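Everything on this sheet refers to the single structure shown next.
All values derive from a computational prediction rather than experimental measurement. If you read the sequence from its start, that first residue is 1, and numbering goes on from there.
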Amino acid sequence: MKSHRTTRREFVALSAGAAGVLAMPSLARAQTEQHIKIAYNLPAHHASGTYFEVLAEQIAKRTAETSIKLEPQTFPDGQLYNDAQLPDAISTGAAHIGQVNIGFIAGADAEILRIWAMPFLYETWEAEWAAEDSEVITGTFARQLAKYDHAMLSWLSYGTVEIYTDAPVRLPEDLKGLKLRAFGLDATQLLSTLGASPVTMSSQEIYQALQRGTIDGCMTGPSSVLGRKLYEVTKYGTNAAMIRLPWVCSASAMWWDTLPKDVRAAVSAAAMVAKEASREQCRADNEQVAEELRAKGMEITDPSPEERQAWAAASKPVLNDYLAKNGAEGEAILSAVAEANAAHPVG
């Protein structure tokens with residue numbers, strides 16, 4: 001648990017009169033303090049962890065003189081709730097602010113949100129971030145998440161998602177029959193489409209499952225493989241940027257709606273600073289992590305253009321299913337994605 005506290009400032013209203021200096025009572029309402037819990041599922045040193053630690057620091061700083069002074073405490077690495085539990089913890093107010101893995105939100109209202117983990121959607125970080133920040137996509141996510149009693153604060157970066165196994169994998173057919181860890185509904189659908197047998201579990205459980213042979217591999221990010229030392233229990237990995245994955249940071253609506261406007265504005269501004277910090281670290285980490293895994297003894301495969309096209313083609317049914325379920329609204333989302341890709345091409 002990490003605590004982010006700032007020194008209280010005491011304000012004394014003084015009025016100078018002809019006969020001397022007289023202390024006058026302040027007419028302003030006294031500032032109150034409130035402790036809040038910020039929970040997330042990854043280590044503090046991860047780009048996602050950077051988001052929440054910067055967010056806590058910024059909230060403490062920016063609410064130092066607002067009507068309510070917030071005192072955030074961060075709980076990294078699933079200390080309070082893991083990624084499967086966090087959406088409900090936020091909805092119920094058990095966590096004031098937290099990380100949201102859309103893959104663990106079920107129901108018809110979440111179908112339009114499945115774009116978040118669509119494979120081979122973006123070629124560059126800039127395209128991903130421009131699409132996420134577009135009015136169409138951010139507005140859709142905020143509106144739908146509100147139906148789950150979430151107040152969306154911002155996006156945060158996770159990184160790319162790859163496949164790691166105990167046998168070489170170069171093409172989709174190499175996955176057939178393998179038991180692979182998935183991280184929610186979206187990864188489960190993708191792995192099933194590719195011929196694997198998905199097993200949903202939190203990232204904290206992967207190491208032991210691989211060690212015991214409960215699973216043959218996992219779908220996760222290279223940063224998580226490095227941070228959780230999965231290179232000790234798996235040997236092969238892809239380097240195809242199969243998914244460029246964001247998380248969402250949400251506040252519990254039942255708490256958020258009680259906050260005065262000045263406090264909400266301060267928290268929202270803090271979230272924008274944290275978003276940029278996580279994106280900057282995500283890009284830097286991703287450029288070097290594949291080489292670090294190779295140095296740890298893993299065999300990381302860079303697909304040829306033809307192999308990458310084979311993966312994209314095998315994954316296409318997932319996108320077709322998304323469009324079939326979401327119609328015109330889904331097409332509008334994909335149009336925003338196409339515009340971002342066109343504005344931010346490779347090179």
Quick one: pull up CG in Asn239 and CD1 in Ile163 and give me the separation to the nearest 0.5 Å.
-> 12.5 Å
Do Trp155 and Thr138 get their side chains close enough for a donor-acceptor pair, meaning under 3.5 Å?
-> yes
The salt bridge (Lys or Arg N to Asp or Glu O under 4.0 Å) partners of Glu173 (sequence neighbours excluded) come to none
Taking atom types as modelled, find out whether Gln204 and Asn41 have a side-chain donor-acceptor pair closer than 3.5 angstrom.
-> yes
Would you mind checking if Lys37 and Glu71 are paired as a salt bridge, meaning a charged N to carboxylate O distance below 4.0 Å?
-> no
Mind checking the CD1-OH spacing from Ile115 to Tyr322? Nearest 0.5 Å is all I need.
-> 4.5 Å
Any side-chain donor near an acceptor of the partner, Ser252 and His150, under 3.5 Å | no
Phe183 reachable from Val225 in the ILVMFWY side-chain graph, under 4.5 Å edges = no
Distance-only donor-acceptor check, side chains Thr165 and Asp216, under 3.5 Å = no
Do the ring planes of Trp116 and Trp247 sit parallel (below 30°), tilted (30 to 60°) or perpendicular (above 60°)?
-> tilted
Any chance you could lay out the side chain to side chain contact (heavy atoms under 4.5 Å, CB included) test for Leu156 and Val248, step after step, and finish with the verdict?
-> CA-CA 6 Å; Leu156 62 138; Val248 168; 5.6 Å; no
Any chance the side chains of Asp83 and Ser202 put a donor and an acceptor closer than 3.5 Å?
-> yes
Could you walk me through whether Gln85 and Asn82 pass the side chain to side chain contact (heavy atoms under 4.5 Å, CB included) test, one step at a time?
-> CA-CA 5 Å; Gln85 299 165 330; Asn82 64 30; 3.2 Å; yes
Rounded to the nearest 0.5 Å, what's the gap from CD on Gln144 to CD on Glu329? Could you check?
-> 6.0 Å
Arg279 with Glu132: basic N within carboxylate O range, under 4.0 Å = yes
Around atom CD of Gln288, are there more than 12 heavy atoms of other residues, nucleotides or ligands at under 6.0 Å?
-> yes
When hydrophobic residues are tied together by side-chain contacts of less than 4.5 Å, even through go-betweens, does Met242 share a cluster with Ile206?
-> no
Transitive ILVMFWY side-chain link Leu323 to Leu121, under 4.5 Å | yes
Measure the spacing between CG of Leu194 and CG of Leu180 and express it to the nearest 0.5 Å.
-> 9.5 Å
Between Thr188 and Thr200, does any side-chain donor sit less than 3.5 Å from a side-chain acceptor?
-> yes
Distance only, no hydrogens: is a donor on one side chain within 3.5 Å (strictly under) of an acceptor on the other, for Glu162 and Thr220?
-> no
Please lay out, stage by stage, how Glu291 and Lys296 fare under the test salt bridge (Lys or Arg N to Asp or Glu O under 4.0 Å).
-> CA-CA 9 Å; Glu291 291 309 312; Lys296 297 290 186 182; over 6 Å; no
Would you say the side chains of Trp255 and Gln34 form a donor-acceptor pair under 3.5 Å?
-> yes
Test Arg62 against Glu57 for salt bridge (Lys or Arg N to Asp or Glu O under 4.0 Å), laying out the working first.
-> CA-CA 9 Å; Arg62 291 170 182 270; Glu57 292 168 2; over 6 Å; no
Indicate whether the side chain of Gln189 and that of Asp321 have a donor and an acceptor atom separated by less than 3.5 Å.
-> yes
State whether a side-chain donor-acceptor pair under 3.5 Å links Glu292 with Tyr231.
-> no
Would you please test Asp166 and Thr234 for side-chain hydrogen bond (donor to acceptor under 3.5 Å, both in side chains) and show each step?
-> CA-CA 5 Å; Asp166 56 10; Thr234 190; over 6 Å; no
Going by the side-chain hydrogen bond (donor to acceptor under 3.5 Å, both in side chains) test, which pairs reach into residues 221-230, not counting sequence neighbours?
-> His46-Ser223, Asp77-Arg228, Tyr158-Ser224, Ser203-Arg228
Return yes if a side-chain donor-acceptor contact under 3.5 Å exists between Gln99 and Tyr81, otherwise no.
-> no
